[in-house]
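Below you'll find the structure, written out as structure tokens, and then a few comments.
What you are looking at is a predicted structure, and each value in this text was computed from that prediction instead of being measured. We count ligands from 1, going down the list as the structure has it; atoms in each ligand are counted the same way.
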Amino acid sequence: MKVYTITVNPSLDYVMSLDSLNLGEVNRATEATLFAGGKGINVSQILTQLDVENCALGFLGGSTGQELLQQLNQKKIKSDFTTILEKTRINVKVKADQETEINASGPKISMQEQHTFKTKLTQLTPDDIVVMSGSLAKGLPDDFYFQLIDLIKEQGSQFVLDTSGQSLLDCLAKKPLMVKPNHHELADIFDTTFTNQEAIIEHGRKLQQLGAQNVIVSMAGDGAYLITEDEVYYAKPLEGKVVNSVGAGDSMVAGFVGTYSQTQDAIEAFKMGVACGSATAFTEDIATEPQINQQLKHVEIIEI
Ligand SMILES: Nc1ncnc2c1ncn2[C@@H]1O[C@H](COP(=O)(O)OP(=O)(O)O)[C@@H](O)[C@H]1O
Ligand SMILES: O=P(O)(O)OC[C@H]1O[C@](O)(COP(=O)(O)O)[C@@H](O)[C@@H]1O
């Protein structure tokens, strides 16, 4: 099985560190770095670390797109992006006493560029899994992901759409391989608040009954649930110092999909998802293979 990730609106993340941020004044950064960003790209980064065959798809344009591609090549991440006329966006992440993110809306993608991208999906086979995540770029129709899901299903491939709210509910009928709301997103979907663990499981199970093959409910430092057709599992939280939670959710999705593509075993895949999510939370950047395997040793799953 091969995994494709789709990032329709990738970004160069400009991470600036400073001791404190004073609004309305000139601030001087102690450090400033450009990272390749975008949720699907984060997934590809973990898959490459895990040696899972994968290819990153999406749209890239201009000098910022070139820089992003260079970074992917340096990290040996395979990609087949569609070139666009407008520039790939830069998202600004300010790390001071608090983390502040400013995400740009991104370039406009023409109808012709959309068409070129869609033709790439005809290469998919029933052995492939496609992971789609992140915001839609300007000019893309609201139902763009749903158009892609139809194309993916026509080829007989599996898909994961990492999204929230109504879009998550709407994709369930198309039988995604997995959905991964965090517990806040799950509560929002059903317009409720959770007062106990049973309520979280009960609402997670609803997503499974509505069509998801597997449901992961992640709860940051409080562990995670896996709900399959027949069973419910709980992963105890891993212990460590949280350095940076950017990309923890993407890493969890990557760990699940990567191991599932190699084993077709949802429980093993869940364990790897937990290890990858925590390994990324415990490090500055997206986790590397040694960091992931270090966490994997400590993952404990119990059947509920
Ligand atoms: N504070 C933390 N301690 C341990 N693991 C964490 C922590 N935060 C995130 N993780 C790991 O990353 C996964 C996804 O994080 P979470 O915050 O629930 O998702 P999202 O980033 O999608 O909101 C968690 O299930 C866990 O495995
Ligand atoms: O596509 P969006 O929702 O604008 O998000 C893009 C941002 O998401 C990231 O991939 C990180 O995502 P998370 O912080 O949600 O894990 C950044 O690298 C990027 O700047």
Hey, which atoms in ligand 2 end up nearer than 4.0 Å to a heavy atom of [X]?
| X | result |
| --- | --- |
| G134 | 1 (O) |
| G247 | 13 (P), 14 (O), 16 (O) |
| S11 | 19 (C), 20 (O) |
| G37 | 18 (O) |
| K93 | 7 (C), 17 (C), 19 (C), 20 (O) |

Less than 6.0 Å separating the ring centroids of Y233 and Y225?
-> no

Would you mind checking which non-hydrogen protein atom is closest to [atom], with the distance to 0.1 Å?
| atom | value |
| --- | --- |
| atom 23 (O) of ligand 1 | N182 ND2, 2.9 Å |
| atom 15 (O) of ligand 2 | K39 CE, 3.2 Å |
| atom 9 (C) of ligand 2 | N42 ND2, 4.0 Å |
| atom 15 (O) of ligand 1 | A248 CB, 4.0 Å |
| atom 3 (N) of ligand 1 | G221 CA, 3.6 Å |
| atom 16 (P) of ligand 1 | S218 OG, 3.6 Å |
| atom 5 (N) of ligand 1 | S278 OG, 3.0 Å |
| atom 1 (N) of ligand 1 | V242 CG2, 3.0 Å |
| atom 21 (O) of ligand 1 | G249 N, 3.2 Å |

Can an N or O of V246 be found at a distance shorter than 3.5 Å from an N or O of ligand 2?
-> no

Any N or O of G38 that comes nearer than 3.5 Å to an N or O of ligand 2?
-> yes

Ignoring hydrogens and geometry, is there a side-chain-to-backbone donor-acceptor pair from [X] to [Y] under 3.5 Å?
| X | Y | answer |
| --- | --- | --- |
| T30 | S17 | yes |
| N214 | L177 | yes |
| K153 | K174 | yes |
| T116 | Q112 | yes |
| Q49 | E289 | yes |
| T64 | T88 | yes |
| T283 | A279 | no |
| H203 | A199 | yes |

What atoms of ligand 1 come closer than 4.0 angstrom to any heavy atom of [X]?
| X | result |
| --- | --- |
| F282 | 3 (N), 4 (C) |
| G277 | 11 (C), 12 (O) |
| V274 | 27 (O) |
| L238 | 4 (C) |

CG (L186) and CE (M219) are apart, to the nearest 0.5 Å, by 10.5 Å

Using a strict cut-off of less than 4.0 Å between a Lys/Arg side-chain nitrogen and an Asp/Glu carboxylate oxygen, indicate whether K236 and E300 qualify as a salt bridge.
-> yes

Look at E202 together with R205 and state whether they make a salt bridge at an N to O cut-off of under 4.0 Å.
-> no

Check whether more than 12 heavy atoms from other residues, nucleotides or ligands sit under 6.0 Å from atom CG of N196, and answer yes or no.
-> yes

Heavy-atom distances under 4.0 Å decide this one: backbone, side chain, both or neither, for [X] against ligand 2?
| X | value |
| --- | --- |
| S135 | both |
| R89 | side chain |
| D250 | side chain |

Should the proximity of T280 to ligand 1, defined as any heavy atom under 4.0 Å, be assigned to the side chain, the backbone, both, or neither?
-> neither

Does the N or O separation between A220 and ligand 1 drop below 3.5 Å for any pair?
-> yes

Is the closest N or O pair between A281 and ligand 1 shorter than 3.5 Å?
-> no

Would L57 end up clustered with L140 when hydrophobic side chains under 4.5 Å apart are linked, directly or stepwise?
-> yes

Find out if a path of hydrophobic residues (ILVMFWY) with successive side-chain heavy-atom gaps under 4.5 Å connects Y260 to I267.
-> yes

Evaluation steps, side chain to side chain donor-acceptor pair (under 3.5 Å), between Q123 and K120 | CA-CA 6 Å; Q123 66 185 299; K120 289 187 194 282; over 6 Å; no

Note: heavy atom closest to atom 17 (C) of ligand 2, options N91, D13, N9, belongs to D13

Nearest heavy atom to atom 13 (C) of ligand 1, choosing from K180, M219, H183, M252, belongs to M252

